[in-house]
Amino acid sequence: MLALALSVLVADRAVAADEGTGLPVPRFVSLKADKVNVRIGPNRDQDVAWIFSRAGLPVEITAEFETWRRIRDSEGAEGWVYHSLLSGRRTALVAPWLKAGTVSLRERPTLDAAVVAKLERGVLGALKSCDGQWCRFDGPGFEGFVEQGQLWGVYPGEKIE
């Protein structure tokens, strides 16, 4: 019985590998277009659950099926998008969970570095690099370093070069 269960598990993984990219799941990507339909299932016949209207937003891929990706946004909503509407370019949002206050953007990746800006929750920027604790975070009119735990779009301890 155990051998049968293991062979089914191995077969399921082989099918899943054939249907996706082979890249790690979950992983963060960003939206490529200003209008992205998010569907309730992985094909064009499925209803549109909602529409994203901002290119560059980070989303997390939680599953793959053929040319479709199930994504999760910073609020936890999930749905399916066509793969060509996603980009490998890494972006992040500043602490979308904050109710009040700001996050410090620093000149260097240390707590004693000068604060060059105070970023409000939900500010969108590009991740240039992350060392597992700090990320180089740039956007229109700002560039500097943010503590990695203050960003949505990068995993705790993840390194990006």
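Quantities reported herein were computed from a predicted structural model and do not represent experimental measurements.
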Check your understanding: Can we say Glu60 and Arg69 salt-bridge, meaning some charged N sits less than 4.0 Å from an Asp/Glu carboxylate O?
Key -> no
Review point. Less than 4.5 Å apart, any side-chain heavy atom of Ile61 and any of Leu86?
Key: yes
Exercise for review: Answer yes or no: is there a side-chain heavy-atom contact under 4.5 Å between Val103 and Leu98?
Suggested key: yes
Exercise for review: Return the minimal non-hydrogen interatomic distance between Arg106 and Trp134, and the atom names on each side.
Suggested key: CD-CH2, 3.8 Å
Practice item. Show the numbers, then the answer: is there a side-chain hydrogen bond (donor to acceptor under 3.5 Å, both in side chains) between Lys32 and Ser84? Key: CA-CA 8 Å; Lys32 197 184 281 188; Ser84 66; over 6 Å; no
Exercise for review: For Thr62 and Arg70, test the side chains for any donor-to-acceptor distance below 3.5 angstrom and give the result as yes or no.
Suggested key: yes
**Study point:** CG on Leu151 to OG on Ser74, rounded to 0.5 Å
**Key:** 12.0 Å
**Study point:** Separation of Asp34 CG from Leu57 CG (nearest 0.5 Å)
**Key:** 9.5 Å
Exercise for review: Go through the steps for Phe145 and Phe137 under the test ring pair (Phe, Tyr, Trp, His ring centres under 6.0 Å), then give the verdict.
Suggested key: CA-CA 6 Å; Phe145 294 87; Phe137 189 63; over 10 Å; no
Check your understanding: In terms of ring plane angle, is the pair Tyr155 and Phe28 parallel, tilted or perpendicular, where the classes change at 30° and 60°?
Key -> tilted
Point to revise | Check: Thr21 main-chain N/O paired with Glu64 side-chain donor or acceptor under 3.5 Å | key: yes
**Study point:** Non-hydrogen side-chain atoms of Lys159 and Gln148 separated by less than 4.5 Å
**Key:** no
Practice item. Quick one: pull up CD in Gln150 and CG in Leu105 and give me the separation to the nearest 0.5 Å. Key: 12.0 Å
Review point. Can you find a heavy atom in the side chain of Ile71 that is under 4.5 Å from one in the side chain of Trp80?
Key: no
Point to revise | Backbone of Ala49 reached by a side-chain donor or acceptor of Asp47 within 3.5 Å | key: no
Review point. Rounded to the nearest 0.5 Å, how far does CZ of Arg39 lie from CH2 of Trp50?
Key: 12.5 Å
Exercise for review: Could you check if a side-chain atom of Val94 sits within less than 4.5 angstrom of a side-chain atom of Glu120, using non-hydrogen atoms only?
Suggested key: no
Review point. Where do Ala92 and Pro58 come nearest, in terms of heavy atoms and distance?
Key: CA-CG, 3.9 Å
Review point. Which atom names give the shortest non-hydrogen contact between Trp68 and Arg44, and what distance separates them?
Key: CZ2-N, 3.5 Å
Practice item. Could you walk me through whether Arg27 and Glu158 pass salt bridge (charged side-chain N to carboxylate O under 4.0 Å, His left out), step by step? Key: CA-CA 11 Å; Arg27 69 180 179 278; Glu158 181 182 10; over 6 Å; no
Check your understanding: Does Arg72 use its side chain to pair, donor to acceptor, with the backbone of Glu78 at less than 3.5 Å?
Key -> no
Revision key, fill the gap. Here the disulfide (SG to SG under 2.5 Å) pairs for residues 69-136, sequence neighbours left out, are Cys130-Cys135
Study note, to complete from the structure: In this structure, CD of Glu143 is separated from CD of Glu107 (nearest 0.5 Å) by 10.5 Å
Review point. What heavy-atom pair brings Leu124 and Phe142 nearest, and what distance separates the two atoms?
Key: O-CZ, 3.8 Å
Check your understanding: According to a 4.5 Å side-chain heavy-atom criterion applied to Ile, Leu, Val, Met, Phe, Trp and Tyr, with indirect links allowed, do Phe65 and Val36 form part of one hydrophobic cluster?
Key -> yes
**Study point:** side-chain contact (heavy atoms from CB on, under 4.5 Å) partner of Leu127, chosen from Val146, Thr91, Ile160
**Key:** Ile160
Exercise for review: For residues Arg89 and Ser30, determine if any side-chain heavy atom of one lies less than 4.5 Å from a side-chain heavy atom of the other.
Suggested key: yes
Check your understanding: Of all heavy-atom pairs between Gly149 and Trp97, which one has the smallest distance, and what is that distance?
Key -> O-CZ2, 3.3 Å
Exercise for review: Output, in order, the C-alpha distance, side-chain angles, deciding distance and verdict of side-chain contact (heavy atoms from CB on, under 4.5 Å) for Lys35 and Ser53.
Suggested key: CA-CA 5 Å; Lys35 182 180 177 190; Ser53 58; 6.0 Å; no
